[in-house]
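Following: one structure in structure tokens, then a few remarks.
Computed from a predicted model, the values in this text were never measured in an experiment.
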There are 2 protein chains.
Amino acid sequence: MSKSPALPASLKQLLVKGNELFLPGISIDCVIFGFHENTLKLLLLDSAKSNKWTLPGGFVLKSEDINDAAYRVLLERTGLKDIYLKQFDVFGQPNRIDVSAHKTTFEQYGSKIPKDHWLIQRFVSVGYFALIDYTNYAIQNDTMNSAYAWKGIEQVKNLPIDHDHGTIIQKALESLRTQLAYLPIGKNLLPKKFTMPELQKLYETILNKPLDRRNFQRKMLGFGILNKLNETRKGGAHKAPFLYTFNDKKYQKALKEGLYGSW
Amino acid sequence: MSKSPALPASLKQLLVKGNELFLPGISIDCVIFGFHENTLKLLLLDSAKSNKWTLPGGFVLKSEDINDAAYRVLLERTGLKDIYLKQFDVFGQPNRIDVSAHKTTFEQYGSKIPKDHWLIQRFVSVGYFALIDYTNYAIQNDTMNSAYAWKGIEQVKNLPIDHDHGTIIQKALESLRTQLAYLPIGKNLLPKKFTMPELQKLYETILNKPLDRRNFQRKMLGFGILNKLNETRKGGAHKAPFLYTFNDKKYQKALKEGLYGSW
DNA sequence: AATTCATTGCGTTAGACTGACACAATCTAA
DNA sequence: TTAGATTGTGTCAGTCTAACGCAATGAATT
């Protein structure tokens, strides 16, 4: 490898065309949650240059709706369309991004970035969290960009994270927890068919605390968003648990109206 | 009056200096809620030129945190500092603002706005809702800009509203309702001392439905965020209700941790 | 000064929900 | 066949909720 490898096409496009393609000063960051082996996972991108991990993100086309941009970014990154996506916060501190990082990135390729270039201005980022079906995505993982990796939510705490992406992740997790209290969750995180213990593990992982098995089941069934199937998941050295699916109609209704209503 | 009155200083500044002072393409819109005479009210600005009502808003200084910008806008508009401010959504549809409106505004003053001027680019707006003490603000209202007016939430439905500000108001109201279910509210909307019926009316107004007087009181007291005073509010031709204040410490704690926790 | 009337303070009750726990059924591995 | 872990179903006491009763109060009326 030479000291100045060729500038990747994607970066070159940003450098040359970013200015005319994208809105100035606005970016999107996606905190992509998946669930696998009883762990909540995040899809992170290894930004090889800085040796740190970053959130998958992107920019907004000049005539593109911001939410559409987020869906586009997700589609580009995961190939998935059936995704739950929620805008949860805006990150607008003036010095949240160290622009010098961008400079050095380009300098490593022997390219110089103009002083007042679009990319090294201050950026405000809109944070989205996404819930995706890990089993569905995992297939694509290997065939795509190997720089992406799933990291367990516990691991993430000990990883070097770029910019303010650590804060963004933290906020996303809090939002997810808050949502859990009044909206159904799981449809996008679990495979079509799942068992009650699997669903419970998902809740326990997100909430980071154990729940009583029997009370959980009663409450969950009480929401009326589950279909109990006449199949069981055999395999474990134990009594085979029944499989469930979400009742799409009622799930969507609960997403709109909330699970309780309280007042 | 001549056909081309003088360009107001504030507009001139936007035209001449906006470009260098503010971030490009990002604006702030504030949905300011107040409570008065058992009605939830919104502080709106009568944009005389278009004969429509708009939300108070502003732009973000080049080295200013977005949240700080929102507080600044609020301070400029209301003179109040003790405000509850919450970023609730981002509005990023490509055609949400009719830029031709800006053009005609300036043309009415005989000024022309350059074709690719900062102000007539596409803007993404960050929506905040604010809760303020109407009784506290009302004093300042007359001494400030008379173009501002409080409008009852019911009235607003029948007013002509600029751009997508109707949507923004709707979303703000929904967010406020959702918050009501798990966070305390009222500290910023009510005067220091208030009666239980007043607090109840606030809740009923936001939720747009009647609540049982006795159950409301029990629930509210159960939250443990109220101090019961040894005074009553005399004046009505009825039994004088006790006065309450919020217990600041517990109120703040509830704001952080939520009122229930549920799971 | 007594009466009226809307409103407030405090209380009750039945039903639903919650947290903690018991026990039998079932699946695979030993 | 048995052991061990896990699941399906159920119980029970305590708590919370919705709906409603009734006496006390304060100003207006007579």
Side-chain angles (χ1 to χ4, degrees), chain A residues 37-38 180-184 186 190-191 193-205 207-245 254 257-263, chain B residues 37-38 180-184 186 190-191 193-205 207-245 254 257-263:
Chain A
E37 286 174 349
N38 294 339
L180 205 61
Y182 65 99
L183 288 182
L190 294 172
K193 297 179 183 181
F194 53 91
T195 68
M196 193 60 79
E198 285 164 359
L199 182 59
Q200 183 180 340
K201 276 287 188 312
L202 172 62
Y203 272 75
E204 289 180 332
T205 307
L207 294 169
N208 197 29
K209 72 177 176 190
L211 301 172
D212 183 277
R213 184 174 65 85
R214 295 146 287 189
N215 296 334
F216 177 83
Q217 165 146 336
R218 188 180 34 195
K219 189 162 183 170
M220 213 64 211
L221 291 177
F223 289 150
I225 56 174
L226 293 180
N227 296 323
K228 184 173 182 177
L229 303 181
N230 237 335
E231 316 168 48
T232 55
R233 162 110 75 226
K234 308 219 174 187
H238 318 295
K239 179 165 183 175
F242 279 101
L243 286 169
Y244 292 83
T245 59
E257 302 174 9
L259 288 172
Y260 282 101
S262 193
W263 288 96
Chain B
E37 288 176 347
N38 294 337
L180 205 61
Y182 65 98
L183 286 183
L190 294 172
K193 297 179 181 181
F194 53 89
T195 67
M196 193 60 79
E198 286 163 359
L199 183 59
Q200 183 179 340
K201 276 289 187 312
L202 172 61
Y203 273 75
E204 290 180 330
T205 306
L207 294 169
N208 197 28
K209 71 178 176 191
L211 300 172
D212 183 278
R213 184 174 64 86
R214 294 145 286 190
N215 295 334
F216 177 83
Q217 164 145 335
R218 178 154 21 108
K219 189 162 184 171
M220 214 62 213
L221 291 177
F223 290 151
I225 56 174
L226 293 181
N227 296 323
K228 183 174 182 176
L229 303 182
N230 237 336
E231 314 167 49
T232 54
R233 160 112 73 227
K234 309 219 173 187
H238 318 295
K239 180 167 183 176
F242 280 101
L243 286 168
Y244 292 83
T245 59
E257 302 174 9
L259 288 173
Y260 283 102
S262 194
W263 289 97

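Partners of Phe194(A) by ring pair (Phe, Tyr, Trp, His ring centres under 6.0 Å), not counting sequence neighbours, listed by chain and number: Phe246(A). Residues satisfying the side chain to side chain donor-acceptor pair (under 3.5 Å) test with Lys228(A), not counting sequence neighbours, are none.
Comparing dC27(C), dT9(D), dG21(D) by their nearest atom to the side chain of Lys228(A) picks out dT9(D). Nearest to the side chain of Asp212(A), among dC21(C), dC22(D), dA18(D), sits dC21(C). Counting only heavy atoms from C-beta on, Pro197(B) has its side chain closest to dT8(C) among dT8(C), dG11(C), dG26(D).
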Give every pair of a protein N or O atom and an N or O atom of nucleotides 27-30 of chain D that lie under 3.5 Å apart, one pair per line with the distance.
none

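Rounded to whole angstrom, the span from the OH atom of Tyr244(A) across to the P atom of dT7(D) amounts to 12 Å. If you take NZ of Lys219(A) and P of dG10(D), they are 21 Å apart, rounded to a whole angstrom. Between Leu221(A) atom CG and dT7(D) atom C1' there is a gap of 13 Å when expressed in whole angstrom units.
Applying the 3.5 Å distance criterion, the base of dA19(D) shares no donor-acceptor pair with the side chain of Arg213(B). No donor-acceptor contact under 3.5 Å links the side chain of Arg233(B) to the base of dG26(D). The base of dG8(D) lies outside donor-acceptor range of the side chain of Arg218(A), with no N or O pair under 3.5 Å.
Judged purely by atom type and a 3.5 angstrom limit, Glu198(A) uses its side chain to pair as donor or acceptor with the backbone of Thr195(A). Panel note: side chain Glu204(B), backbone Leu211(B); a donor-acceptor pair is recorded below 3.5 Å.
Lys239(B) has no side-chain polar atom (N or O) that falls below the 4.0 Å cut-off from OP1 or OP2 of dC22(D).
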